[in-house]
**Student:** 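My structure is below; once you've seen it, I'll send some questions.
Letters A, B, ... mirror the listed sequences (proteins, then strands); counts begin at 1.
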Protein chains: 2
Amino acid sequence: MQLAQTCEPAYRAPRPAPAPPLHTLETEFPTTPRTPRCSDCSLRALCMPPDLTAQQLAKLDAVICSTRSLKRGDVLYRTGDTFQSIYAVRSGSFKTVLMHRDGREQVTGFQIAGDALGLDGVCAGRQNCDAIALEDSVVCIIPFAQLEAVCREMKPLQQHVHRLMSGEIVRESSQMMLLGTMTAEQRVATFLLNLSTRLKARGFSSAEFNLRMTREEIGCYLGMKLETVSRMFSKFQRENLVNTNGKTIRIVDPDGLAQL
Amino acid sequence: MQLAQTCEPAYRAPRPAPAPPLHTLETEFPTTPRTPRCSDCSLRALCMPPDLTAQQLAKLDAVICSTRSLKRGDVLYRTGDTFQSIYAVRSGSFKTVLMHRDGREQVTGFQIAGDALGLDGVCAGRQNCDAIALEDSVVCIIPFAQLEAVCREMKPLQQHVHRLMSGEIVRESSQMMLLGTMTAEQRVATFLLNLSTRLKARGFSSAEFNLRMTREEIGCYLGMKLETVSRMFSKFQRENLVNTNGKTIRIVDPDGLAQL
DNA sequence: CGATTGATTGATTAGAGTCAAAGCAGGTGG
DNA sequence: CCACCTGCTTTGACTCTAATCAATCAATCG
């Protein structure tokens, strides 16, 4: 078993996690115990509060002691699964999908390296959506009960978890605004700029990247049909705002996009 | 100064808070210190974890020691305000509104008795939206730093706060699904059923109630224009699903509404 | 009681959805 | 190594839902 195997660099962490796992415990899923160490993870600035002492980091390392590798299309968790852990994306990317009985689907988010997954499960003790890998990916597994215990004795971590959850609330609010008030054109532009910003924060190019999701998944996230997404991409191409070639995106005129 | 003065009973707590305040401290806003007591609040089951001891409740009473009364249209907090407290609606109701520079507005939620307000401010230390009273209302003020301190020593409260925030994430996800996948007709039906359910959980009739928001505010919440909201109400009236008369709503056929 | 705000309804329009066809890319197996 | 799938994307033609514009009506409030 190996860590992330993606060939395109866009979504991979700048410095990939170093050592291959020493052991593999076969539980329900293949996980690699004792591999990850927050203390020397390149994504720490994204996942963790900035002001932890070495001693506090060690405590965290004791909690976050396993990872899980997924292939493209693999399900990290499914609606209704018992909630036990949250996850941090270490490499790769995911989508979270909410399903209605009648077949309607809504993609509620795309998560890339450094993002958290599973916070919606805290509420009812069961996962509230499906999380699916968009490419071969690795997540850190964070048992939530243990995290809560550490939070009770480590104020900065407690505050960090609160900010994390609040940040998810804020993110979803602005997605509600996108869905409620923007035209198709504005939604697609906002989506591209938002992704660009997040990739930049992770050390990637903000101008050129590869989409890991299909037009259908983008449409499902933005509340429109895949044909409309495609038309908007073509429109941006014509207007020299973006260069699109399949999944390859180059943002030519970010200001122009923002002004739509 | 008196507690909630609304004349229509629909949104008022079944047993209104008993004692008028003894003192009034004039800080920035009129607040009533030492009035509320979680330990004998009729909304406790909604706001608080169910399994607290008397001693634990006393600790809480020490934190949540003031309320604030607002008139219809008053602003509880505004985007950009320094975040210090979250709020629990004691009586009355609110809307939260997200604004875009270009004038677009999205109502992100309606809060009634027992609901929490302000959790989106934790993330950045500033409020992320405006919260405005839809009628004369009273909120409990919960200083967040103190709440965090108590959470560190009281596991059930910690878990409750986590569930509260996660619940907000879940609520917003399903609103994203509503905005992304439903027709205008389905959105309005879902809105009415959802409000009905929440009122029922607070001891009110699920069949008949008064809307405290305008058609425009409803539209702004559901991602449509006020005329469309009005047309859907008229349609439901014709189809004998709902009786509407201005702000008075009677749900005649909840199953019919749910099947749209 | 007039003025203002909110609600309803109608006529028309625009934007996105639907249906359909064709092109492209990547992967598989002969 | 090539041919053929299969799944994804693009584009076009047409349809339909909800937005826009406009007029009227009802309720509320100084």
Side-chain angles (χ1 to χ4, degrees), chain A residues 5-8 71-73 95 103-107 132 134-136 178-189 191-192 210-239 242-249 260, chain B residues 6-8 71-73 95 103-107 132 134-136 178-192 210-239 242-249 260:
Chain A
Q5 277 294 356
T6 51
C7 44
E8 289 168 282
K71 294 207 176 306
R72 188 182 134 96
K95 64 171 176 178
R104 277 181 292 115
E105 285 188 20
Q106 176 72 27
V107 170
I132 295 161
L134 295 175
E135 60 188 306
D136 294 359
L178 178 144
L179 292 167
T181 72
M182 291 189 187
T183 64
E185 184 183 50
Q186 293 172 319
R187 293 180 205 193
V188 176
F191 167 72
L192 289 176
N210 289 302
L211 297 174
R212 288 299 146 84
M213 61 294 280
T214 65
R215 302 291 191 261
E216 175 155 38
E217 287 164 333
I218 295 171
C220 205
Y221 178 57
L222 298 178
M224 66 186 75
K225 293 294 154 184
L226 68 99
E227 293 96 328
T228 307
V229 176
S230 181
R231 280 184 238 274
M232 292 307 143
F233 279 178
S234 303
K235 191 156 180 269
F236 293 162
Q237 179 89 264
R238 277 197 303 277
E239 294 167 352
V242 171
N243 266 348
T244 61
N245 183 9
K247 308 242 183 207
T248 307
I249 299 283
L260 296 176
Chain B
T6 53
C7 45
E8 290 168 283
K71 295 208 177 305
R72 187 181 134 97
K95 64 172 176 178
R104 279 181 289 116
E105 284 188 21
Q106 177 71 25
V107 171
I132 295 160
L134 295 175
E135 60 188 306
D136 294 359
L178 177 144
L179 291 166
T181 72
M182 292 187 185
T183 64
E185 184 183 50
Q186 292 172 321
R187 293 181 206 194
V188 175
T190 303
F191 167 72
L192 289 175
N210 289 302
L211 298 175
R212 288 297 147 87
M213 61 295 280
T214 65
R215 301 291 190 262
E216 175 155 37
E217 287 164 334
I218 296 172
C220 204
Y221 178 57
L222 299 178
M224 66 185 74
K225 294 292 154 185
L226 67 99
E227 294 96 326
T228 307
V229 176
S230 182
R231 280 183 236 274
M232 292 306 142
F233 279 177
S234 303
K235 189 155 181 271
F236 292 162
Q237 179 90 265
R238 277 197 302 277
E239 293 167 353
V242 171
N243 268 347
T244 61
N245 183 8
K247 308 239 183 208
T248 308
I249 300 284
L260 297 176

**Student:** To the side chain of B:R215, which of D:dT9, C:dT9, C:dA7 is closest?
**Tutor:**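 Output: C:dA7.
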**Student:** Please tell me if A:T228 has a side-chain N or O lying less than 4.0 Å from either OP1 or OP2 of C:dG17.
**Tutor:**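 Yes, within the criterion.
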**Student:** Whole-Å distance between D:dC16 C1' and B:E185 CD?
**Tutor:** 14 Å
**Student:** Between A:N245 and A:T183, which residue's closest nucleotide on DNA chain C lies nearer the 5′ terminus?
**Tutor:**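 Result of the comparison: A:T183.
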**Student:** Can you tell me if B:Q106 uses its side chain to pair, donor with acceptor, with the backbone of B:C220 under 3.5 Å?
**Tutor:** yes
**Student:** Nearest 0.5 Å, please: how far is CZ in A:R238 from CZ in A:R231?
**Tutor:** 10.5 Å
**Student:** Using atom CG of A:L211 as one end and atom P of D:dT10 as the other, report the distance to the nearest whole Å.
**Tutor:** 10 Å
**Student:** Any idea which of C:dT18, D:dA18, D:dT9 is nearest the A:S230 side chain?
**Tutor:**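 Out of C:dT18, D:dA18, D:dT9, the nucleotide with an atom closest to A:S230's side chain is D:dT9.
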**Student:** Can you tell me how far the CZ atom of B:R212 sits from the CD atom of B:E217, to the nearest 0.5 Å?
**Tutor:** 12.5 Å
**Student:** Does OP1 or OP2 of C:dA7 have a side-chain N or O of B:K247 closer than 4.0 Å?
**Tutor:**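 B:K247 to C:dA7 OP1/OP2: side-chain N or O found under 4.0 Å.
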**Student:** Is the closest side-chain heavy-atom distance between B:F236 and B:I249 below 4.5 Å?
**Tutor:**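 Side-chain contact under 4.5 Å: no.
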**Student:** B:E227 side chain: which of C:dT18, D:dA19, D:dT20 is closest?
**Tutor:**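 Given the options C:dT18, D:dA19, D:dT20, the side chain of B:E227 is closest to D:dT20.
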**Student:** Check whether the side chain of A:R231 and the base of C:dG17 form a donor-acceptor pair under 3.5 Å.
**Tutor:**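 For A:R231, whose side chain was compared with the base of C:dG17, there is no donor-acceptor pair (under 3.5 Å).
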**Student:** How many Å lie between CZ on A:R104 and P on C:dG17, as a whole number?
**Tutor:**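 Rounded to the whole Å, the gap is 15 Å.
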**Student:** For the residue pair A:Q237 / A:T244, report whether a side-chain donor-acceptor contact shorter than 3.5 Å exists.
**Tutor:**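 A pair is found: one side chain offers a donor N or O, the other an acceptor, under 3.5 Å apart.
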**Student:** In terms of side-chain heavy atoms of A:K225, which of C:dG17, D:dA18, D:dT9 is nearest?
**Tutor:**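 Closest of the options to the side chain of A:K225: C:dG17.
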**Student:** Measure CE/B:M224 against P/D:dT20 and give the value in whole Å, please.
**Tutor:**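 Going from CE in B:M224 over to P in D:dT20 covers 13 Å.
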**Student:** Please state whether the phosphate of C:dT9, meaning OP1 or OP2, lies under 4.0 angstrom from any side-chain nitrogen or oxygen of B:S234.
**Tutor:**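 Yes, B:S234 has a side-chain N/O under 4.0 Å of OP1/OP2 on C:dT9.
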**Student:** Can you tell me the distance, in whole Å, between the NZ atom of B:K235 and the C1' atom of C:dT9?
**Tutor:**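 After rounding, the gap between these two atoms is 16 Å.
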**Student:** Between the base of D:dT10 and the side chain of A:R238, is one N or O donor paired with an acceptor at under 3.5 angstrom?
**Tutor:** no
**Student:** Would you kindly give the CD-to-P distance between B:E216 and D:dA19, to the nearest whole Å?
**Tutor:** 13 Å
**Student:** Heavy atoms from C-beta onward define the side chain here; which of C:dA16, D:dT9, C:dT9 lies closest to that of A:L226?
**Tutor:** D:dT9
**Student:** Given atom CE of A:M182 and atom P of C:dA16, what is their separation to the nearest angstrom?
**Tutor:** 13 Å
**Student:** What is the distance, rounded to the nearest whole Å, between atom CZ of A:R212 and atom P of D:dC8?
**Tutor:**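 To the nearest whole Å, that distance equals 15 Å.
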